[in-house]
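One structure below.
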Amino acid sequence: MDMEFSAEQQNFRDSVRDFFENTYPSDIRDKVRRGVSLSKDDMVRSQKALASRGWAAPNWPVEYGGTGWSPTEKYIFENEMARADVPPVVPFGMSMVAPIIYSFGSKEQKERYLPDILNSNVWWCQGFSEPGAGSDLASLRTKAVRDGDSYIVNGTKTWTTLGQYAEWIFCLVRTDPTVKPQEGISFLLIDMKTKGITVSPIQTIDGGFEVNEVNFDDVRVPVENLVGEEGKGWTYAKKLLTHERTGIAGVARSKHQIGKLKKIASSIPNGGGATMMEDDDFRRRLSEVEIELMALEFTDLRALAAVQTGGAPGPESSILKIKGTEIQQAITELFVEASGYYALPYTPERFDDGSNVEPVGPDFAAFAAPRYFNVRKTSIYGGSNEIQKNIIAKAVLGL
Amino acid sequence: MDMEFSAEQQNFRDSVRDFFENTYPSDIRDKVRRGVSLSKDDMVRSQKALASRGWAAPNWPVEYGGTGWSPTEKYIFENEMARADVPPVVPFGMSMVAPIIYSFGSKEQKERYLPDILNSNVWWCQGFSEPGAGSDLASLRTKAVRDGDSYIVNGTKTWTTLGQYAEWIFCLVRTDPTVKPQEGISFLLIDMKTKGITVSPIQTIDGGFEVNEVNFDDVRVPVENLVGEEGKGWTYAKKLLTHERTGIAGVARSKHQIGKLKKIASSIPNGGGATMMEDDDFRRRLSEVEIELMALEFTDLRALAAVQTGGAPGPESSILKIKGTEIQQAITELFVEASGYYALPYTPERFDDGSNVEPVGPDFAAFAAPRYFNVRKTSIYGGSNEIQKNIIAKAVLGL
Amino acid sequence: MDFAFTEEQELLRDSVQRFVRENYPFDKRNKLAETEAGFSSENWAMFAELGWLALPFSEVDGGLDGTVIDTMIMMEEFGKGLTLEPYFPTVVLGGGAMRRAASPAQREAVLPGVIEGTTHLALAYAEEQGRYNLADVATTARADGDGFVLNGRKSVVLNGTAADWLIVSARTAGKQGDAEGVSLFLIDSSTKGIDRRGYRTQDGGRAAEVTLEDVRVSGDALMGEAGAGLAVLEAVIDEAIVAIAAEAVGAMTALNAATVEYSKTRVQFGTPIGKFQALQHRMVEMFMETEQTKSLLYRAAMSMDSGRPDAARCVSALKVQTGKAGRFVGQQAVQIHGGMGMTYELNVGHYFKRLTMINSLFGNIDYHMRRFAALDGTTEAA
Amino acid sequence: MDFAFTEEQELLRDSVQRFVRENYPFDKRNKLAETEAGFSSENWAMFAELGWLALPFSEVDGGLDGTVIDTMIMMEEFGKGLTLEPYFPTVVLGGGAMRRAASPAQREAVLPGVIEGTTHLALAYAEEQGRYNLADVATTARADGDGFVLNGRKSVVLNGTAADWLIVSARTAGKQGDAEGVSLFLIDSSTKGIDRRGYRTQDGGRAAEVTLEDVRVSGDALMGEAGAGLAVLEAVIDEAIVAIAAEAVGAMTALNAATVEYSKTRVQFGTPIGKFQALQHRMVEMFMETEQTKSLLYRAAMSMDSGRPDAARCVSALKVQTGKAGRFVGQQAVQIHGGMGMTYELNVGHYFKRLTMINSLFGNIDYHMRRFAALDGTTEAA
C-alpha cells in the first residue's frame with residue numbers, strides 16, 4: 001500500500017494541469033469560477049476541447065476513443081479538472097448512452113453514434129423516468145409498438161435533464177406488455193426532431209429550468225434504432241445505473257468546493273470579531289464534512305483499485321452515490337450557513353453571464369440557497385439513496 | 001394556556017418536598033445520591049414510606065388507593081421525587097399488574113392482590129418476553145393446559161427484571177394453540193413458590209444481575225388465578241404496554257440527572273485550563289440534550305392534559321417512550337464523555353453500599369460506563385423503539 | 001398549569017384557517033409572489049377588517065391586547081398557508097418595537113395607520129459585518145442640534161420597500177459590538193438620504209438593502225432612551241422568533257400531512273411507498289420532531305406571556321429545535337416526494353424553502369445553541 | 001498509488017486470523033478476562049515465537065522493521081477476536097516510545113526482553129487534570145545530582161501492573177501545559193517510591209493508577225533530550241491511534257457480520273427481522289460507516305508510513321470517524337440483537353464496550369475534531 005504518486009504520475013498531472021491552464025478555453029473556466037450558468041455552446045466547446053486533446057472519454061475502451069488511463073490517472077485527471085474549474089462532462093451522451101452502445105449496440109450503431117458523442121457533435125438526453133415511475137423503472141408505461149420497420153412510441157418521460165438542448169434521446173420503452181414487467185422493456189434511440197415529440201420545461205424549486213417533460217405522441221422510430229435485443233432494455237439500464245453511480249461520488253468537485261468555502265469563510269465576519277473560518281461552530285461543521293470527504297476519497301480509490309483487479313464496479317459503488325450526494329448536499333448547506341441573512345435575497349439574474357447587477361451582500365451568497373435547493377435532487381435521481389440502500393442490503397449484506 | 005402553578009399547587013409541592021426531606025427514609029435517598037445499588041429491603045421500605053403517606057399509587061383509581069391527583073399534581077410529585085433522590089417505584093406490581101387487576105380482574109382478585117401491592121407486601125415480576133418472542137409477544141410459546149381446576153404451565157420467560165426477589169409473577173401464556181396467535185393468549189398470576197419454577201440470573205453487559213430467565217416445568221396454577229377471560233390476555237397486555245410507555249418518558253429523572261451532570265462537569269478539568277462545564281464542545285452536547293428534554297417535558301405535559309380531557313393515553317405516548325429513552329441514553333453517554341480516561345476502570349465494588357474501596361479517579365466515574373451500557377436496554381424493552389415507530393406509523397399517521 | 005386554548009383563541013384560529021382555505025390556493029399564491037408588491041392589498045385590507053392588524057397592540061393604542069400565544073396561533077396558520085402578506089415584518093417586528101419603545105406621539109403618528117392597514121413598517125437592525133449579533137452596529141447617529149444625522153447600511157430589511165416607516169438601530173455612543181450605545185429611531189422611509197434597494201427573497205417575500213447617507217431626523221425620532229435600544233431589540237426579536245417558529249410549526253404540519261398523503265398514493269414496486277418501513281419510520285421522525293417543536297413553541301410562548309426569567313432561554317431552545325426540525329422535515333418531505341418535491345409547481349419545495357430561510361433569520365442553530373448555554377441558570381427549578 | 005497488500009502482509013493477516021480462530025472462542029476469552037493477569041502467558045509466548053513482538057522494531061534492535069500498515073493488519077485481526085494480550089500497551093505504546101526516544105543502552109536493556117516475550121512495558125503519560133492534553137503534565141522530575149527525582153500521579157496506565165518498565169512523562173522545566181519541558185523517563189517498575197494500584201477495565205483489560213513519590217532515577221533513565229518529550233509522545237500516540245482504530249475496524253467488521261447473521265435467523269412477527277426495511281437500512285449504514293472508517297484507517301496508515309506532513313491530521317480525522325462509527329455500530333448492533341445484545345454471555349456487548357473505550361482513549365471525538373481543524377493546511381493539495 002502506498003499513496004504517493006510515481007514520477008510518471010506526477011508528470012501526467014503536470015501535463016493535465018498545463019493543458020487546463022493554457023489550452024482549454026479560459027472563458028469557460030472563468031464562468032464556472034464565478035458561478036454563472038453555462039450556455040449550450042459553452043458545454044459543447046468544453047467537450048470539444050477535451051476531445052481535441054484525446055481526453056474526452058477516459059472511461060471508454062481505447063478502441064472507441066478512451067484514454068486507457070489507470071485508476072490513479074483518472075483520479076488525477078478528475079482532481080485537476082475540478083481544481084481548474086473545468087465543468088463536469090455532460091454525462092448523457094458520454095457516460096450514459098455511449099457505454100450502452102459500445103457494450104450492446106451493433107457495429108453500425110457504434111460507427112454511427114460514438115464518434116459524434118466523443119466529439120460532442122450531437123447532444124443526447126435521457127428518457128428513463130416517467131411521471132408514474134421514479135426509481136422503479138420496471139413499472140414504466142411508455143409503449144413502443146412494432147409497425148413494419150418502425151416502432152410507434154407513445155408515452156411521457158420526465159426529469160429529462162437539459163432535454164431542451166438535445167438532438168437525440170435514449171429511452172426505455174415497453175415493447176411487450178405480456179411478460180414480466182422487467183422483461184418487456186427495450187432500449188431505443190430516438191431523434192428528437194421526429195414528429196410527435198414535445199418538450200416542456202419543468203421549473204425546479206431553485207427557480208431554474210434544467211429538467212423537462214418529453215411527450216411522445218405516435219412517434220415513429222426505425223427498428224434499427226433498437227439497441228441490442230428487444231426485451232433486454234432493463235438489463236442494459238441496470239449496467240448503466242452502475243456507471244452513473246461511480247461517477248456520482250464527485251469527490252474531486254467536493255474537495256474543490258470545500259476549498260472555495262474555506263476561502264470565502266476566511267473573509268466573512270462571524271459577528272463576534274472573528275471570521276467564520278475562525279468560528280468554532282462553523283469550523284466543526286466544516287470539519288465534519290471534510291472528514292467524511294477524506295474518507296470517501298479513499299473509499300472511491302479503493303473501489304477503483306478493486307475494479308482494476310476484479311472487473312466491473314460492484315454494488316459497493318452504491319456507497320459512493322449515497323455518501324457522495326450527502327456530502328455535496330452538506331457542502332451547499334454550509335454555503336447557506338456562511339451567508340447568514342444574505343441567504344435570503346433571490347437574485348436569479350446573478351446566474352446570467354454578463355449581468356451587471358451589483359451583488360446584494362457578499363458575492364457568493366446569491367448562489368448559496370439556490371444551489372442548496374437544487375442539489376436536493378442528487379439523493380433522488382440516479383436511483384434514490386433509499387434504493388441504493390436496498391441494493392446494498394440485498395447484494396452486499398445478503399438480506 | 002398558562003404554565004404557572006396555582007397557590008394550591010405550590011402548597012402541594014411544598015408538602016411533597018417536606019415529606020421527602022423530613023419523613024421519608026434519608027438513608028435510601030443517600031444511597032441513590034451516591035449511586036450505590038439498593039437492596040430489596042430498601043426498595044420495599046421506600047414503597048412502604050410512600051404508602052404510609054397515601055402516595056404509593058398516584059395513577060390508580062381512588063377507590064383502590066389512588067391519589068386522585070390532577071396531571072399537574074402528578075407532574076409536581078414526580079419532579080419532587082427525582083429532586084429528592086427518591087428511587088422510582090418498582091413498576092411490576094404497582095404500574096403493571098395492578099392496572100390489569102383493577103381493570104379486568106374479579107372482585108376476589110382485587111381484594112386479594114391490590115392491598116398487598118399498594119403496601120408493598122408482595123413483590124411482583126413480569127413474565128412476558130420469551131427467548132423466541134421479544135417485542136413480538138403474539139408469538140409466545142409458554143403453554144397453559146387446563147387440567148381440572150388448574151392450568152399446567154410449561155415454558156420459559158426471560159428478561160424478567162428483579163425476578164430474583166419476586167414472590168409472584170404475572171404471565172402471558174398460550175391457552176389455545178388452535179386460534180389466531182393473538183387470540184389464544186391468557187393472563188395468569190403465578191405464585192413463585194409453586195413447584196416447578198426455576199429462576200436463573202442473566203448477567204448483563206454492565207456486569208450486573210438485574211434480569212432473569214424463569215423456567216416453568218409442569219407448574220400447576222389454580223384456575224382462579226386467571227385474570228379476566230381466557231384468550232383475552234393479549235388485549236390486556238396491550239393496555240398495559242400503554243401504561244408502561246407513559247411512565248417511561250422519565251422526564252423528572254432526566255432533569256435531575258442533567259442537574260447532577262452540570263454540577264460534576266463544573267468540577268472536572270477539560271485539559272485546557274477550564275472545566276468541562278466551560279468547554280464549548282461539552283456544553284453544546286449537553287445543551288442539545290437539555291433542549292430535547294425541555295421539549296419532551298412539554299410533550300409529556302401536553303399528553304397528560306390530553307388524557308385528562310380525552311381519556312386513555314393514545315398512541316402518541318409512543319413518542320414519550322422513544323424520546324424519553326433516547327434522552328436517558330444520551331445523558332449516560334455524557335457522563336462517560338465527562339469521565340475521559342476514567343471511563344475505563346471497572347470497579348463494580350463501588351456499587352456496593354458500605355464498600356470502602358477508594359474511588360479510582362473522580363467519584364462519579366465508576367458509575368458512568370456501566371450505566372451507559374445498562375440503559376441501552378431502555379430502547380429495547382417495553383416494546384422496542386422500532387415497534388413504537390411502527391405503532392405511530394400505523395395508529396397516528398395511518399400508514 | 002393549563003394547556004387549553006381559550007374560546008377566543010379557537011375562534012381566531014378558525015378565522016385564519018378560513019382565510020387561508022378561501023384565499024390561498026397554491027397556484028394563486030405563487031402568482032401573487034410574482035407580482036411587483038409580492039402580496040395582496042385586498043388581503044391586507046381584510047386583515048385590518050378582521051382586527052388581525054390590531055391584535056398585539058394595547059387597547060390604549062387602539063389594539064386588542066393580544067398575547068404572544070394569540071400571535072402564535074395566527075402565525076401557525078399563516079405558516080400552513082405560506083401566506084405572503086407582511087404581517088410578520090409590519091405587526092410583529094415593527095409593531096413589537098413600537099409597543100416597547102415608541103413615545104405616545106410616535107404611537108399616535110404610526111399605529112392607527114398600521115391597525116387600519118394603510119401603514120407598513122420595517123425593522124432595520126441587521127448589518128453585514130454583524131451577522132446575528134444585534135450589538136454589532138456600525139450605523140451611526142450623530143447628535144446634531146436637537147436632532148440626529150444617521151449614516152450606515154442595513155441588511156436584508158424585511159418589507160423594506162413597502163414600509164412607510166423604518167425603525168433603524170444606530171449607534172449614538174460606544175464602539176461597534178458594545179451592548180450600550182445602540183439607539184432606535186423611527187424614520188419616515190421617504191426621508192432624504194435613505195436609499196432602498198428592494199429584491200425578492202428565496203421564499204417569495206420582499207426585502208431591501210437600506211443605505212442611510214446623512215439622514216437628518218429630529219430628536220422626536222428617537223425611540224425610548226438613547227443608548228438603551230439593545231434590550232428592546234432583544235425582546236422584539238425573541239417575540240419574533242416565537243412568531244416565526246409558529247409559522248415553521250405550521251409549515252411542518254402541512255408538510256407532514258402532504259408527505260403522508262403522497263406516500264399513500266404513490267406506488268413504486270407495486271406498493272404504496274408509505275408501506276416501506278424505512279419511509280414509515282422517517283415520517284414518524286418528522287412527526288416527532290414537529291411535536292417536539294410545538295412543545296417548545298408553547299413553552300416559549302407561555303414563558304414569555306408570564307414574563308418568566310427563563311423566557312429568552314426558552315426562545316433560544318425553540319430556535320435551535322425549529323432549525324433542526326425544519327431542516328429535517330423540509331429535506332425529507334422533498335426526498336419522499338421524489339422528483340415531484342423538486343418542482344416549483346408543487347407547494348412542498350416552497351415550504352422547504354421557507355423553513356430554510358427561517359433557520360437563517362435571527363440566528364441559526366449554532367448561534368442559539370451558544371446563547372442557550374450562556375443563559376443557563378435562568379431556568380427556574382420547577 | 002497502490003492499494004494492494006504485499007504477500008508478506010497477507011501471510012501476517014492469515015497467521016493472526018488462525019491464532020484468533022484457534023485460541024479465542026468467546027467463552028474462553030471471557031474466562032481469561034476473569035483471571036488475575038487478564039491474559040494468557042502461553043499466548044504471549046506464542047506471539048514471541050511468531051515474531052509478532054518483534055514486528056515494529058528495527059533490525060538493529062532485533063526487530064523486523066515492520067510498518068504502520070503491518071501493525072494495522074495485526075490489530076484489525078486482534079479486534080475481531082477481542083484478544084486480551086497486552087500487545088497494544090507493550091509493543092505499540094511502550095515499543096513506540098522506545099523506538100523513537102530510547103538510547104542504545106536503553107534499547108539493549110529492554111527490547112530483547114520485549115521481543116522474547118519476557119518483558120512488559122507501559123506508557124504512563126495521562127494525568128487526571130490533563131484530560132486528553134498531553135502537555136498538561138503536573139508530574140515533576142527534579143534534577144538531583146546526575147539523576148532525577150520524580151513526583152506525581154499517572155492515570156489509567158494500560159498494562160501498568162504487568163509492566164516491568166514504565167515510560168513516564170514528567171516535567172523537567174516549564175509550567176503545566178507548556179509544550180516545552182516535558183521529558184520521558186524509562187523506569188524499572190520496581191523502583192522504590194512507585195506505587196501501582198491495578199484494576200480491570202470495562203473492556204476486560206488491565207490498567208493501573210501509578211503514583212510516584214520521590215522516585216530516584218539515574219541520568220540514564222532520561223529518554224532522548226530533556227524537555228523534548230512532547231513531540232515523541234505525540235508521534236507515539238498518533239501511531240497508537242492508528243493501531244486502535246484498526247482494532248475498532250476489526251470489532252465493527254465482526255459486529256456487522258454478527259448482526260446481519262442474527263437478523264437472518266431471528267424471527268419476529270413471522271418474518272426474519274433482517275427483512276424489515278428499517279433494520280436493513282440501518283445495517284447498510286453500519287456497513288457504510290465501517291467502510292468509511294477503513295478508508296481513513298488506510299489513509300492515515302499510509303500517510304504515516306510515507307512520512308507525509310498531513311499524517312497527524314489524517315490521524316485526527318480517523319479518530320473522529322472511529323469514535324462516531326464505533327458508537328453507531330456498537331449501539332445498533334446491541335439494539336438489533338435486542339435482549340440478547342444486553343447479555344454478558346454474548347460477544348456483541350463486549351465489542352460494544354471495547355468500541356466505547358476506544359473512543360475514550362487518546363482524545364474523544366470533540367478533541368480530535370478540534371485538532372483536525374487546528375492542523376488545517378497540512379493536507380497537501382493533490
Side-chain angles (χ1 to χ4, degrees), chain A residues 129 131-136 138-139 158-159 181 202-211 268-273 276 279-282 284-285 329 333 336-337 339-348 358 360-362 368-370 372-374 376-377 379-381 384-387 389-390, chain C residues 126-136 155-156 158 176-177 197 199-205 207 209 266-270 273 276 278-279 282 327 330-331 334-346 348-350 352-353 356-357 359-367 369-370:
Chain A
S129 293
S135 289
D136 172 22
S139 74
T158 193
W159 318 130
I202 299 172
Q203 192 174 17
T204 45
I205 52 175
D206 53 305
F209 290 93
E210 202 182 37
V211 288
I268 301 284
N270 78 338
M276 290 301 287
D279 185 271
D280 284 339
D281 291 318
F282 187 77
R284 177 173 37 79
R285 293 195 188 276
Q329 292 175 337
E333 204 168 330
V336 174
E337 295 281 340
S339 304
Y341 278 104
Y342 282 104
L344 272 89
Y346 175 64
T347 50
E358 210 203 325
V360 176
Y372 168 62
F373 299 142
N374 183 274
R376 298 311 308 172
K377 73 187 177 193
S379 51
I380 294 168
Y381 69 24
S384 73
N385 285 13
E386 288 81 8
I387 298 290
K389 287 185 185 173
N390 289 349
Chain C
E127 299 186 5
E128 186 171 341
Q129 83 292 338
R131 201 170 155 85
Y132 296 125
N133 180 356
L134 298 173
D136 191 334
S155 299
V156 194
L158 301 177
Q176 204 181 316
R197 177 178 172 196
Y199 46 78
R200 294 175 61 179
T201 55
Q202 300 287 346
D203 45 14
E209 299 297 285
R266 169 74 171 174
V267 175
Q268 289 274 275
F269 308 102
I273 61 172
F276 293 119
L279 296 192
R282 211 177 301 154
R327 179 170 59 195
Q331 290 180 351
V334 170
Q335 181 73 20
I336 293 173
H337 276 85
M340 283 308 296
M342 288 299 297
T343 62
Y344 202 87
E345 97 186 49
L346 196 71
V348 166
H350 295 265
F352 166 52
K353 292 201 284 184
T356 305
M357 293 305 125
N359 186 36
S360 295
L361 287 169
F362 309 121
N364 61 357
I365 294 169
D366 291 336
Y367 177 87
M369 195 69 94
R370 281 186 176 255

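Scope of the values below: all heavy atoms of this structure, side chains included, with no hydrogens, waters or symmetry mates. Within every chain, numbering begins at 1; the chains are lettered A, B, ... in the order of the sequence lines, protein sequences first and strands thereafter.
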Side-chain heavy atoms of C:Gln202 within contact of A:Pro370, under 4.5 Å: yes
Under a 4.5 Å heavy-atom cutoff, which of A:Arg285, A:Gln329, A:Lys389 has the most pairs with chain C? A:Arg285
Looking only at heavy atoms and a cut-off of under 4.5 Å, which of A:Gly207, A:Ser384, A:Pro362 has the most pairs with chain C? A:Pro362
Can you confirm whether C:Thr343 sits close enough to A:Val211 that some side-chain heavy atom of one is under 4.5 Å from a side-chain heavy atom of the other? no
If you round to the nearest 0.5 Å, how far is CD of C:Gln129 from CG of A:Asn270? 11.5 Å
If I take atom CD from residue A:Glu386 and atom CG from residue C:Leu279, how far apart are they, to the nearest 0.5 angstrom? 5.5 Å
Would you say the side chains of C:Gln331 and A:Glu333 form a donor-acceptor pair under 3.5 Å? yes
Which class fits the ring pair A:Phe373 and C:Phe352: parallel under 30°, tilted 30 to 60°, perpendicular over 60°? perpendicular
At a 4.5 Å cut-off on heavy atoms, which part of C:Val267 comes close to chain A: side chain, backbone, both, or neither? backbone
Segment of C:Tyr199 engaging chain A (4.5 angstrom heavy-atom cut-off): side chain
Measure A:Asp279 against the heavy atoms of chain C and call it side chain, backbone, both or neither at under 4.5 Å. neither
Shortest non-hydrogen pair, C:Gln268 vs A:Gly132, comes out as NE2-O, 3.5 Å
